[in-house]
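A quick write-up on the structure given underneath.
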Amino acid sequence: MQLVIEHLSKHFDKKEVLRDIDFTFEEGKIYGLLGRNGAGKTTLFNCLNQDIPTNGGSFYFQQDGARREVTSKDIGYVLSTPVVPEFLTGREFLKFFLEINADSIPHPKSIDNYFDTMHIAPDDREKLLKDYSHGMKNKMQMLVNIIAQPELLLLDEPMTALDVVVAEEMKELLRTLKEGRITIFSTHILDLALDLCDEIILLHHGVLEVVEKASLDSRDFKEKIIAALREED
């Protein structure tokens with residue numbers, strides 16, 4: 001399966017954010033979408049998630065030569081600032097999510113099994129979500145997207161505010177989940193992208209560009225990326 005983007009553009013008034021983007025994402029890979037703050041990473045995600053209209057172009061799934069539309073059910077979107085119903089406990093939220101999506105979740109597990117997957121302690125499962133830390137809320141947001149098993153997973157800088165332990169847990173989880181889906185991981189942190197992602201893509205001047213990962217430890221490799229990002233100034 002592939003996600004194909006053709007001539008995608010988006011502007012706000014006179015500011016052109018995305019410029020005639022053409023790109024193909026492959027199933028089974030984690031793509032690091034690297035760009036400076038304000039480069040348009042979130043705008044691209046919002047276009048793919050159909051939260052905002054594009055000004056041109058299209059995108060679709062392609063498999064075995066056949067095209068099909070990308071729908072909201074195909075997409076999981078994890079925001080940098082997690083949005084959860086804070087008046088529910090962790091267990092209540094997960095129970096509610098499982099119940100309303102019962103027809104679309106293949107092979108559901110027990111609630112505690114899901115909590116165990118995210119390393120959420122038993123005591124925390126009964127707390128109100130409003131009392132969760134940023135990292136814990138992020139885990140819950142990630143968890144419901146994992147349960148839904150989307151074909152396209154958009155991660156908008158989900159690790160920026162996480163501590164070292166939680167960030168490592170999240171990275172390992174994403175590595176185990178990449179098969180069978182397309183994962184696009186947005187970040188402005190170069191070393192994080194190099195550590196986690198199979199492919200690195202730069203978003204600068206409104207276009208996407210692949211940066212070859214021929215040598216992850218090469219100083220020239222890092223300098224090439226940094227030089228490209230500096231061009232935004």
Side-chain angles (χ1 to χ4, degrees), residues 1 3 25 27-31 33 41-42 44-52 61 70-163 165-187 196-197:
M1 180 184 68
L3 171 66
F25 294 91
E27 175 185 338
K29 290 183 178 182
I30 300 176
Y31 290 86
L33 178 61
K41 303 186 298 295
T42 299
L44 176 60
F45 280 2
N46 285 337
C47 287
L48 294 176
N49 197 45
Q50 300 170 52
D51 288 333
I52 60 175
F61 286 128
V70 179
T71 69
S72 58
K73 292 183 178 180
D74 297 316
I75 301 174
Y77 192 179
V78 178
L79 305 171
S80 56
T81 302
V83 179
V84 294
E86 297 195 338
F87 56 91
L88 296 178
T89 66
R91 185 178 297 279
E92 289 170 342
F93 174 47
L94 201 51
K95 182 174 183 292
F96 174 73
F97 182 82
L98 289 168
E99 287 176 350
I100 64 172
N101 292 283
D103 294 337
S104 60
I105 298 174
H107 313 297
K109 302 175 183 178
S110 71
I111 290 176
D112 285 303
N113 188 296
Y114 285 123
F115 278 127
D116 290 341
T117 299
M118 299 301 291
H119 304 286
I120 295 175
D123 289 347
D124 290 329
R125 302 171 191 185
E126 315 305 328
K127 290 181 180 178
L128 290 172
L129 293 175
K130 74 179 182 66
D131 296 324
Y132 276 26
S133 66
H134 182 100
M136 289 284 289
K137 291 176 182 178
N138 206 299
K139 277 188 172 185
M140 291 300 294
Q141 185 179 229
M142 181 75 77
L143 179 54
V144 294
N145 278 283
I146 289 168
I147 292 171
Q149 297 188 32
E151 293 186 284
L152 174 60
L153 183 58
L154 305 175
L155 306 171
D156 192 2
E157 304 207 29
M159 299 184 191
T160 302
L162 302 186
D163 63 43
V165 173
V166 176
E168 287 301 317
E169 290 175 354
M170 297 281 272
K171 285 191 287 186
E172 186 56 35
L173 181 64
L174 289 172
R175 292 186 186 106
T176 64
L177 292 171
K178 68 179 184 177
E179 298 303 324
R181 64 178 45 84
I182 296 164
T183 303
I184 309 176
F185 182 95
S186 161
T187 183
L196 175 64
C197 303

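Any value given below was found using the heavy atoms of this structure, including those in side chains, with hydrogens, waters and symmetry copies removed.
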Find the distance between NZ (K109) and CD1 (I111) and round it off to the nearest 0.5 Å. 14.0 Å
For L173 and M118, the nearest pair of non-hydrogen atoms, with its separation, is CD2-SD, 3.3 Å
Carboxylate-amine/guanidinium contact R125 D116, below 4.0 Å: yes
If you define the side chain from C-beta out and look only at heavy atoms, does anything of M140 sit under 4.5 Å from I120? yes
Looking at CG of N145 and OH of Y77, how far apart are the two atoms once the value is rounded to the nearest 0.5 Å? 11.0 Å
What heavy-atom pair brings L88 and F93 nearest, and what distance separates the two atoms? CD1-CA, 3.9 Å
Out of curiosity, F97 CZ to I105 CD1, how far, rounded to the nearest 0.5 Å? 5.5 Å
Between L152 and F61, does the side chain to side chain contact (heavy atoms under 4.5 Å, CB included) criterion hold? Intermediate values first, please. CA-CA 10 Å; L152 174 60; F61 286 128; 4.1 Å; yes
Main chain of S72, side chain of Q50: is a donor-acceptor contact present, judged purely on distance under 3.5 Å? no
To the nearest 0.5 Å, tell me how far M136 CE sits from K127 NZ. 7.0 Å
Which residues satisfy the side-chain hydrogen bond (donor to acceptor under 3.5 Å, both in side chains) test with K137, sequence neighbours excluded? E86
Take L153 and L174 through the test side chain to side chain contact (heavy atoms under 4.5 Å, CB included) and record every step on the way to the result. CA-CA 10 Å; L153 183 58; L174 289 172; 4.2 Å; yes
Start with the C-alpha distance between T42 and E157, add both sets of side-chain angles, then the distance that settles side chain to side chain contact (heavy atoms under 4.5 Å, CB included), and finish with yes or no. CA-CA 9 Å; T42 299; E157 304 207 29; over 6 Å; no
Taking the side chain as everything from C-beta on, heavy atoms only, tell me whether R91 gets closer than 4.5 Å to D112. yes
Atom CG of L129 and atom CD of E92: how far apart are they, to the nearest 0.5 Å? 8.5 Å
Within the structure provided, determine whether L154 and I75 are in side-chain contact (heavy-atom separation under 4.5 Å). yes
May I ask you to test the L155-M142 pair for a side-chain heavy-atom distance under 4.5 Å? yes
Considering all heavy atoms, the nearest H134-P82 contact: CE1-CD, 3.4 Å
Show the numbers, then the answer: is there a side chain to side chain contact (heavy atoms under 4.5 Å, CB included) between I147 and L94? CA-CA 10 Å; I147 292 171; L94 201 51; 3.5 Å; yes
salt_bridge(R175, E172) N-O dist < 4.0 Å: yes
Can you give me the closest heavy-atom contact between Y114 and P108, atom names plus distance? OH-CA, 3.5 Å
If you measure from NZ on K178 to OH on Y31, what distance do you get to the nearest 0.5 Å? 10.5 Å
Residue pairs, two or more places apart or on separate chains, that pass salt bridge (Lys or Arg N to Asp or Glu O under 4.0 Å) and touch residues 144-154: R68-E151
Kindly give the heavy-atom pair with the smallest separation between G76 and P150, and that separation in Å. N-CB, 3.3 Å
Do Y132 and V84 have side chains that get closer than 4.5 Å, going by heavy atoms? no
